[in-house]
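As a basis for the values below, the full set of heavy atoms in this structure was taken, side chains included, without hydrogen atoms, waters or symmetry mates. Note that the numbering runs from 1 along the sequence shown for the chain. It should be emphasised that the depicted structure is a prediction, and the values quoted were computed from it without experimental measurement.
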Amino acid sequence: MRTAKTALSVLICLLIYKLFYYLDMRYANSLVISITHDYLLGTSPSFACISSVICMQDTVENSVTFGISRVLGSFLGGAAAVVLSLINANVFSSRADIFVCVFGVVFLIWLCNAIKHKEASSITVITFLIIIIGIDFARPLIAATNRTFGTAIGAAISILINKNI
């Protein structure tokens, strides 16, 4: 049953992204749809799908725990990437990339431990690194927002499906 629920949650994530892509193409002058598609969801459903797979657990309670951990980790990693990329660009003129990455990893692991969410540290660091050194380095705020919303959508869908099916 868990396999079917996981596949269903991935399907729903894909359909949501396809729907907003279609709506954005169809109603390109709609500010609400464009903002939702471009800035909140982004163009790729990958983070929502990954989150829905990880959050589909054997119990609803475990799904909620994994969901909270994923969303919190995505938010913290994204926020740190935005702040540290701005500091790096404006203070160090991008000469301290390696230092910023290493400092961010150490700080984020420490932060997750300090707020008693040690289980979120790996996704926090992964999100941070994807944004700070990945493809989305040029637009860290949009990337962080896309990842956090995508992760939240995937987690919510998994939790709803796990609870109701």
Side-chain angles (χ1 to χ4, degrees), residues 1-24 35-85 100-137 139-165:
M1 193 60 182
R2 186 172 167 188
T3 303
K5 292 192 291 186
T6 302
L8 180 60
S9 68
V10 168
L11 174 65
I12 292 171
C13 288
L14 292 170
L15 290 174
I16 287 171
Y17 276 77
K18 288 289 185 187
L19 173 66
F20 276 96
Y21 174 78
Y22 168 77
L23 291 174
D24 194 33
I35 287 174
T36 302
H37 178 254
D38 297 340
Y39 297 104
L40 296 181
L41 296 176
T43 57
S44 174
S46 58
F47 285 91
C49 292
I50 291 168
S51 181
S52 72
V53 169
I54 291 171
C55 293
M56 185 58 70
Q57 295 295 311
D58 54 347
T59 66
V60 176
E61 293 77 22
N62 286 344
S63 288
V64 170
T65 300
F66 273 78
I68 290 169
S69 175
R70 297 254 339 146
V71 174
L72 178 65
S74 292
F75 174 77
L76 291 175
V82 170
V83 170
L84 290 178
S85 66
V100 168
C101 286
V102 173
F103 172 78
V105 168
V106 171
F107 171 75
L108 289 170
I109 293 171
W110 171 84
L111 180 63
C112 288
N113 288 329
I115 64 171
K116 308 278 191 263
H117 281 283
K118 190 177 357 179
E119 72 284 352
S121 62
S122 60
I123 194 60
T124 302
V125 170
I126 290 167
T127 302
F128 169 74
L129 291 172
I130 285 172
I131 295 169
I132 201 100
I133 63 174
I135 233 169
D136 296 323
F137 181 73
R139 303 175 355 159
L141 181 58
I142 293 171
T145 304
N146 291 167
R147 271 136 190 76
T148 302
F149 272 89
T151 299
I153 288 168
I157 289 169
S158 272
I159 291 166
L160 287 171
I161 287 174
N162 206 5
K163 183 176 181 183
N164 295 304
I165 296 178

Residues that [X] engages under side chain to side chain donor-acceptor pair (under 3.5 Å), provided they are two or more places apart:
{"X": "Thr65", "value": "none"}
{"X": "Asn162", "value": "Lys5, Ser63"}
{"X": "Asp58", "value": "Asn62"}

How far does OH of Tyr21 sit from CG of Leu14, to the nearest 0.5 angstrom?
->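 Reported value, rounded in 0.5 Å steps: 15.0 Å.
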Say you draw a straight line from CG of Leu84 to CD1 of Ile132; how long is it, rounded to the nearest 0.5 Å?
-> 5.5 Å
Expected list for residues 104-117: side-chain donor-acceptor pairs under 3.5 angstrom, two or more places apart:
residue : atom : partner : partner atom : Å
Asn113  : ND2  : Ile109  : O            : 3.3
His117  : ND1  : Glu119  : OE2          : 3.0

Going by heavy atoms in the side chains, are Ile50 and Arg70 under 4.5 Å from each other?
->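 Yes, side chains in contact.
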Let me have the donor-acceptor pairs involving side chains of residues 148-160, under 3.5 Å, with sequence neighbours excluded, atom names and distances please.
residue : atom : partner : partner atom : Å
Thr148  : OG1  : Ala144  : O            : 2.9
Thr151  : OG1  : Ser74   : OG           : 3.1
Thr151  : OG1  : Arg147  : O            : 2.7
Ser158  : OG   : Ser52   : O            : 2.4

Under the side-chain contact (heavy atoms from CB on, under 4.5 Å) test, which residues partner [X], sequence neighbours left out?
{"X": "Val83", "value": "Ile87"}
{"X": "Leu19", "value": "Leu23"}
{"X": "Thr3", "value": "none"}

Report all side-chain donor-acceptor pairs from residues 121-128 shorter than 3.5 Å, counting only partners two or more places apart or in another chain.
residue : atom : partner : partner atom : Å
Ser121  : OG   : Lys118  : O            : 2.9
Thr124  : OG1  : Ala120  : O            : 2.6
Thr127  : OG1  : Ile123  : O            : 2.9

Chi angles and distances behind the side-chain contact (heavy atoms from CB on, under 4.5 Å) call for Ile130, Phe47 | CA-CA 12 Å; Ile130 285 172; Phe47 285 91; 3.9 Å; yes
Where do Ser44 and Tyr17 come nearest, in terms of heavy atoms and distance?
-> O-CE2, 3.4 Å
Distance-minimising heavy-atom pair for Val60 and Lys163 |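 Val60 and Lys163 have their closest heavy atoms at CG2-CA, 3.6 Å.
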